[in-house]
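The block underneath contains the structure these notes are about, expressed in structure tokens.
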Amino acid sequence: KTESKAAFANDSMYMEKFIEDPRHIEIQIIGDKTGKACHLSERDCSIQRRHQKLAEETPSPFMTDKLREEMGAAAIKAAEAVKYEGVGTVEFLVDKHRKFYFMEMNTRIQVEHPVTEQRCGIDLISEQIKVAMDLKLGIKQEEVKFHGHVIECRINAEDPVTSMPSPGLITHYHRPGGMGVRVDDFIYTGYSIPPHYDSMISKVIVYADSRSECISRALRALDETVVGGIKTNIDLHKRILNHPDFQENSYNTNFLAEKC
């Protein structure tokens, strides 16, 4: 307070709650013009670099059924309180005691929406368009079913060690395939990546019956992915997926800074 008073002639102080071992967990919701909303469960977005998400998965290995129900109910309550229309995401921080705290709401489709689509079999883009056309939700909460495990890796044009951007000409591109592998991208052999925009060039989304199988399938898909002529963060994703702490669900939002 003394330092603040001397520097700014104001000694007002704000105190924030310290979140121990935070996990970044978000709830996907959809609302329509009638004011009704439903949620499509959670995504764990705790693998981050400088607060920017790098990999996402669902279901979160950190969640319990009780916590999932409570956070889903809170997300719906928030959406219905403002009569939210469209697809959106209510984001939370969850501490090591599994107490959750509202962080923000993203009122748009998100990069990681395929994670949810692959697990529940619902086309979020289609649902968003229907709601925008003033149609009622065709989804009832009790009808939403979830299957298996999904992991998404964001492939960026950057050095996997320094994280420096790596724009330039893609001399060869081969996307992975096979059962349970989805790729959302826009690049191709001969495409030149400009230096002026976000470095993400592709998303590799993998589905499997279990988390361990999903990790193995993701590693195989990353091994198959070839992007020639530039550097990518594919090797970083491999280090993450192979790390024992990630595999054993012993990590938080500081994982990359501290261990990888």
Side-chain angles (χ1 to χ4, degrees), residues 23-48 51-60 62-63 67-94 100-155 180-186 197-198 200-207 214:
R23 297 286 283 246
H24 183 150
I25 295 177
E26 57 190 30
I27 305 292
Q28 178 72 64
I29 62 100
I30 309 177
D32 66 16
K33 66 176 182 178
T34 68
K36 293 296 182 181
C38 74
H39 77 83
L40 303 178
S41 200
E42 84 280 0
R43 294 185 292 257
D44 194 321
C45 305
S46 301
I47 299 297
Q48 305 178 0
H51 308 298
Q52 294 296 310
K53 302 168 189 174
L54 196 61
E56 299 91 359
E57 66 178 311
T58 185
S60 169
F62 182 74
M63 295 283 274
L67 182 59
R68 182 174 291 111
E69 183 178 343
E70 290 175 350
M71 291 179 67
I76 289 176
K77 185 176 181 180
E80 291 184 346
V82 296
K83 295 181 171 58
Y84 183 76
E85 294 183 37
V87 172
T89 305
V90 184
E91 305 201 8
F92 300 92
L93 286 178
V94 185
F100 61 94
Y101 306 88
F102 172 78
M103 185 167 59
E104 65 177 356
M105 181 175 181
N106 275 307
T107 55
R108 55 176 173 80
I109 203 74
Q110 287 190 273
V111 169
E112 59 270 31
H113 77 272
V115 175
T116 297
E117 289 183 336
Q118 294 303 109
R119 185 158 183 255
C120 68
I122 295 173
D123 186 335
L124 291 177
I125 305 301
S126 175
E127 293 302 321
Q128 180 172 254
I129 292 171
K130 290 175 183 176
V131 169
M133 295 170 63
D134 286 340
L135 299 178
K136 290 183 180 180
L137 275 180
I139 306 169
K140 293 182 180 179
Q141 190 66 63
E142 61 272 16
E143 295 174 346
V144 180
K145 304 298 180 184
F146 302 100
H147 307 280
H149 200 94
V150 186
I151 294 176
E152 175 182 283
C153 297
R154 303 188 188 198
I155 309 304
V181 178
R182 165 179 169 177
V183 179
D184 287 9
D185 61 20
F186 64 91
Y197 304 100
D198 188 284
M200 187 173 66
I201 56 175
S202 173
K203 298 180 292 184
V204 176
I205 306 104
V206 175
Y207 169 90
C214 196

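Note that these values count all heavy atoms, side chains included, but never hydrogens, waters or copies made by symmetry. Please read these numbers as outputs of a predicted model, since none were measured by experiment.
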Quiz prompt | Listed partners of E70 passing side-chain hydrogen bond (donor to acceptor under 3.5 Å, both in side chains), at least two apart | solution = K66
Practice problem: May I have the step-by-step check of side-chain contact (heavy atoms from CB on, under 4.5 Å) for L67 and V94, ending in yes or no? | Solution: CA-CA 10 Å; L67 182 59; V94 185; 4.2 Å; yes
Ignoring hydrogens, what is the shortest heavy-atom contact between [X] and [Y]? Give both atom names and the distance.
{"X": "C45", "Y": "E56", "answer": "SG-CG, 3.6 Å"}
{"X": "P59", "Y": "R119", "answer": "CD-NE, 3.4 Å"}
{"X": "D184", "Y": "P114", "answer": "OD2-CG, 3.5 Å"}
{"X": "I76", "Y": "A37", "answer": "CG2-O, 3.9 Å"}

Self-check item: Pairwise side-chain hydrogen bond (donor to acceptor under 3.5 Å, both in side chains) hits with a residue in residues 82-91, at least two apart
Solution: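 Passing the test, one end in residues 82-91: H24-E91, R43-T89, K53-E91, T89-Q110, E91-N106, E91-Q110.
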Exercise. Mind checking the CD1-CG spacing from I29 to L40? Nearest 0.5 Å is all I need.
Key: 9.0 Å
Validation: residues 134-144 side-chain donor-acceptor distances under 3.5 Å, sequence neighbours left out:
{"from": "Q141", "atom 1": "OE1", "to": "H39", "atom 2": "N", "distance (Å)": "2.7"}
{"from": "Q141", "atom 1": "NE2", "to": "H39", "atom 2": "O", "distance (Å)": "2.9"}

Quiz item: Sequence neighbours excluded, which residues qualify as ring pair (Phe, Tyr, Trp, His ring centres under 6.0 Å) partners of F186?
Solution: Y191
Practice problem: Tell me, please, which residues at least two apart from F100 pass ring pair (Phe, Tyr, Trp, His ring centres under 6.0 Å). | Solution: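 Partners of F100 under the ring pair (Phe, Tyr, Trp, His ring centres under 6.0 Å) test: F92.
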Report yes if the side chains of [X] and [Y] come closer than 4.5 Å at any heavy-atom pair, otherwise no.
{"X": "I205", "Y": "E117", "answer": "no"}
{"X": "R154", "Y": "V111", "answer": "yes"}
{"X": "K145", "Y": "C120", "answer": "no"}
{"X": "I129", "Y": "V131", "answer": "no"}

Below 4.0 angstrom, N of the basic side chain to O of the carboxylate: do [X] and [Y] qualify?
{"X": "E42", "Y": "R68", "answer": "yes"}
{"X": "R23", "Y": "D44", "answer": "yes"}
{"X": "E112", "Y": "K203", "answer": "no"}
{"X": "R182", "Y": "E152", "answer": "no"}

Quiz item: Between the side chain of S60 and the main-chain N/O of F62, is any donor-acceptor distance below 3.5 Å?
Solution: yes
Could you list the donor-acceptor pairs under 3.5 angstrom formed by side chains in residues 121-128, with sequence neighbours left out?
{"from": "D123", "atom 1": "OD1", "to": "I125", "atom 2": "N", "distance (Å)": "3.1"}
{"from": "D123", "atom 1": "OD1", "to": "S126", "atom 2": "N", "distance (Å)": "3.0"}

Quiz item: For the side-chain contact (heavy atoms from CB on, under 4.5 Å) test, which of V90, I25, L93 pairs with M103?
Solution: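 The option that passes is L93.
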Practice problem: Could you check Q28 against S41 for side-chain contact (heavy atoms from CB on, under 4.5 Å), going step by step and ending with a plain yes or no? | Solution: CA-CA 6 Å; Q28 178 72 64; S41 200; over 6 Å; no
